[in-house]
Peer 1: 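Encoded as structure tokens, here's the structure I'll be asking about.
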Amino acid sequence: MEAPGSSKKMIATQEEMVEAKVPLAYRDQCAHLLIPLNKCRQAELYLPWKCSSERHTYEKCEYELVMERMLQMQKIREREAQLKSQPIPLLPKTANA
């Protein structure tokens, strides 16, 4: 399963995310990293200095997704600007012209 417009594939299934009680807002291409992170957090009583490698891996994945979306949006804006810069013909071309 792959999200539209993303180069990363969904690794965690819907069943795994439901079982791990991952909130809907966090069910993205990095959810497979969030599941073990949340388990570690619960096991370590949410101590901020614990689970740092899991947190770093998850945050890096999220950062890469954000950067990918930003690049896609930049390409869309460049295409729109290019289309706006092209002149619109005032007179339609006829077949005999």
Peer 1: Is the shortest heavy-atom distance from the side chain of His32 to the side chain of Val22 under 4.5 Å?
Peer 2: no
Peer 1: Could you report the tightest heavy-atom contact between Ala12 and Ile35, atom names first, then the distance?
Peer 2: CB-CD1, 4.2 Å
Peer 1: Look up atom OH in Tyr26 and atom CG in Leu37, then write down how far apart they are to the nearest 0.5 Å.
Peer 2: 11.0 Å
Peer 1: Leu47: which other cluster members, linking ILVMFWY side chains closer than 4.5 Å, directly or transitively?
Peer 2: Trp49
Peer 1: Between Pro48 and Arg55, what is the shortest heavy-atom contact and its length?
Peer 2: O-NH1, 3.6 Å
Peer 1: SG/Cys51 to CD/Gln42 distance, rounded to the nearest 0.5 angstrom?
Peer 2: 10.0 Å
Peer 1: Report, as yes or no, whether the 6.0 Å neighbourhood of atom OH on Tyr46 holds more than 12 heavy atoms from other residues, nucleotides or ligands.
Peer 2: yes
Peer 1: For Glu78, does the CD atom have more than 12 heavy-atom neighbours from other residues, nucleotides or ligands under 6.0 Å away?
Peer 2: yes
Peer 1: Suppose we screen for side-chain contact (heavy atoms from CB on, under 4.5 Å). Which residues come up paired with Leu45, at least two apart in sequence or across chains?
Peer 2: none
Peer 1: Hey, is CD on Glu19 packed in by over 12 heavy atoms from elsewhere, all under 6.0 Å?
Peer 2: no
Peer 1: Going by side-chain contact (heavy atoms from CB on, under 4.5 Å), name the residues that satisfy it together with Arg77, two or more places apart in sequence or in a different chain.
Peer 2: Met73
Peer 1: Below 3.5 Å, can you tabulate the donor-acceptor pairs from side chains in residues 56-71 to any protein atom, sequence neighbours excluded?
Peer 2:
from  : atom 1 : to    : atom 2 : distance (Å)
Thr57 : OG1    : Ser53 : O      : 2.8
Tyr58 : OH     : Glu62 : OE2    : 3.2
Glu64 : OE1    : Lys8  : NZ     : 2.8
Glu68 : OE1    : Ser7  : OG     : 3.0
Glu68 : OE2    : Ser6  : OG     : 3.4
Glu68 : OE2    : Ser7  : N      : 2.7

Peer 1: If you define the side chain from C-beta out and look only at heavy atoms, does anything of Arg27 sit under 4.5 Å from Gln14?
Peer 2: yes
